[in-house]
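I have placed the structure first, in the form of structure tokens, so that the comments after it can refer back to it.
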Amino acid sequence: MKLLLISAFAFVFLALVAVCGAQEIRVPATVSAGVETTISTSGSGEGTLYLLGPGVASKNQISLGQEVRLRADDLKHSGEYLVVVCSDSCRSAKFQVNSVQPARVVFLVHPSRVPVGQPDAVSGVAVPFDEYGNLVVAPLTVNFRASSAKETLLQRSARTQGGVSWFRAASGKAAGPVQVDASLDALTARRVVQQVASEPCNLRIKGQRTAKGIIVETEPVKDCSGNLVSDGTIVTFSATGPGERSTIDAPIKGGVAQARIIAPEPVVVSVASGVAMGNELHIGAKP
Amino acid sequence: MKFTLGIALALATAALIFAGMFRSPAAGGAVGIAAGTPILAPRGDSPERALSILLADLQRRNWPEAFSAISKTSDVDRASLIQEWMGTNGSLRAFSNLESFDLRPMHATADDAQIRAHLRWTTPVGPIEGLKDFHLVREGDVWRVVWPKIQLPSVPAQVVPVTYLRWDLVTGGSGDEWGSHNVDAPHVRIISMNAVNSASGAVVMGEVVNEDAIPAFVNVNATLLDGNNSTIDEESSFDRIAHVLLPKQVTPYRIDFPQIDPGRVKNVHMDVRATLVPASADPVIGVMNQKMDADAQGNHVLRGELLNQSGQVVNIPHVIASFYDGSGRVIWVSDGYVDQALLPLSSEPFSVEVPRTVADKIKSFHVVVNQYSLQRS
């Protein structure tokens, strides 16, 4: 709605400018956002100044031939501004408001969880903004750093292009939180990526027949990098006997999955989790 | 002449009232508790009639009448009968009603008879059918049902140590900085899909795996498209899937499209959605002694026993099974509810039906157990 009003306003003034002759206006070529500036006009007597820009549309009475102050509050948004001065005729001029020094870095990192040892698995995008929320499009150097408790996974500088800089990196070898920083001078934005164990590797079980049935248990379930697989991961135990089969989907707790199988006959117990298969146990019949 | 019609009507009314006094309760009668008691109780003068009266009394929860129709030789007391029929521990039976029944004599002599009852239950999860065989004996001039010994599950008092594992979900507030509290949705994947024709229409089935390190709430939707890529129908897996999947867990899913002519379907668009949910890794339920078998009617079924390996009651266990052919393709997905609660460290039998058309092609199967616990719902 606001944009529509500004557009209508601009249309009316451009029409006025088109049909009228006018005074001279001198405007600065560029202005920094949030900084007061002046424009000068020629002529004498009273006139009306219209200021149109991103997020502003104002009308003020001015004295022609004197310098006119444009308030800092009216120049907070970067972009192109249009000044129209009318008395018996209208004149217009344009100037550019540029963003100022970065005051904030918006930093997006994806994904929030990643299995270890994955190439190009983590990406981050840093976008600097000034104190007025303007995108800083001037090229800047952003330093990216990703580190875990054990290792530094990434240390890289990247120039912003059109106000954006980014990185892409492989995940590390150790499960756990990875701190990812984007620094721009004194500004730092921090995100955390959780590195989780990859697929189980070398799945092994042990078990024995007890009074309550066959108790089977995995050895600590680790991935191929030696990380304990996340608790809650399902391990499927299967006991195959003569004509029957029993299965239990047991979650890993404290690195180990355990199950109880009721089978009086001799059975072969096998184990699987995800794409990993483990060893087999041959358990004799109940005595 | 003018009195003849009146007398005829009066006689007919009296005859109908008299007949109503002795009328045996019909199978498929009203559901719920029947009000009042007949002036003259019907008598079980034949095996079918005796069982029919008993089932009608049980249907109406008319316990004194029902118990009187049970043979004294039965090793059952009234409280156990009520508990068995009404269900305990928040089981599915506790929320069910016998809607109707059919009786089929299996064997009869002058003094005893065997009758198979086909029982149809209404339940919160849809209609459930079951078979139960009854043995009846003649006691004097009436027939009575010999109720089998009731073994209600009971668990001795004990302490079950459990390593508690659950996931809670902490979400950021609206005032958080953009991108600072993002947690990705779990990664799940459809690992197989098969669309087949069944007697009732088109069926889409397969399996989904949670590839992530956190639990996921999963739902699978399928859209049937015709030759012009126009949508014919859209359905979700509803309850034929284990919605909460722990890491690396696989669940079958089945989506039915009743009344859809499979010949019109040229393409199927699948959509699996996963969201973060708080979840618990317990209870662990083992599926013991799984085997393909035939039920009393000769239907193919997958039988087994569910073994609750944890210390909490599972009120309504739900079994979902995927069946594979020789090449490892999912050719059918069946499911079934167990109407008895699964008590801690105890087991309950289950069976799920398999259509005759696929029974011969089945080379292996995979069973998962979904569960509903009143404490957590």
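Letters A, B, ... mirror the listed sequences (proteins, then strands); counts begin at 1. Any value given below was found using the heavy atoms of this structure, including those in side chains, with hydrogens, waters and symmetry copies removed.
B:Q309 places no side-chain N or O within 3.5 Å of a backbone atom of A:A259 that could act as its donor or acceptor partner.
Residues A:I248 and B:V287 fail the side-chain proximity criterion, which asks for heavy atoms closer than 4.5 Å. No side-chain heavy atom of B:T163 sits less than 4.5 Å from a side-chain heavy atom of A:Q258. With contacts defined as side-chain heavy-atom distances shorter than 4.5 Å, the pair A:E244/B:M288 does not qualify. Side-chain contact between A:K253 and B:V162 is present, with at least one heavy-atom pair separated by less than 4.5 Å. Using a 4.5 Å cut-off on side-chain heavy atoms (C-beta onward), A:T233 and B:L246 make no contact.
Applying side-chain contact (heavy atoms from CB on, under 4.5 Å) to B:V368 and the options A:I234, A:D249, A:T236 leaves one that passes, A:D249.
The neighbour count for A:Q101 CD, taken as heavy atoms of other residues, nucleotides or ligands under 6.0 Å away, does not exceed 12. Sparse packing is recorded around CZ of B:R273, with 12 or fewer heavy atoms of other residues, nucleotides or ligands lying under 6.0 Å away. The number of heavy-atom neighbours closer than 6.0 Å to CG of A:N202, taken from other residues, nucleotides and ligands shown, is 12 or below.
Of the inter-residue distances, the one linking A:T247 atom OG1 with B:N289 atom CG reads 10.5 Å to the nearest 0.5 angstrom. Atom CZ of A:R245 is separated from atom NZ of B:K291 by 15.0 Å, given to the nearest 0.5 angstrom.
Residue contact with chain A, scored on non-hydrogen atoms closer than 4.5 Å, involves the side chain of B:D212 exclusively. Within the 4.5 angstrom heavy-atom criterion, atoms from both the backbone and the side chain of A:I261 approach chain B. For A:S246, the parts lying near chain B are the backbone and the side chain together; criterion is any non-hydrogen pair under 4.5 Å.
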Requested in this report: Would you check, one step at a time, whether the test salt bridge (charged side-chain N to carboxylate O under 4.0 Å, His left out) holds for A:R113 with B:D184?
Outcome: CA-CA 7 Å; A:R113 297 176 306 283; B:D184 297 333; 5.5 Å; no
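Nearest heavy-atom pair across B:L165 and A:G232 is CD2-N, 3.4 Å.
Among B:V369, B:I214, B:V250, the residue with the largest count of heavy-atom pairs under 4.5 Å with chain A is B:I214.
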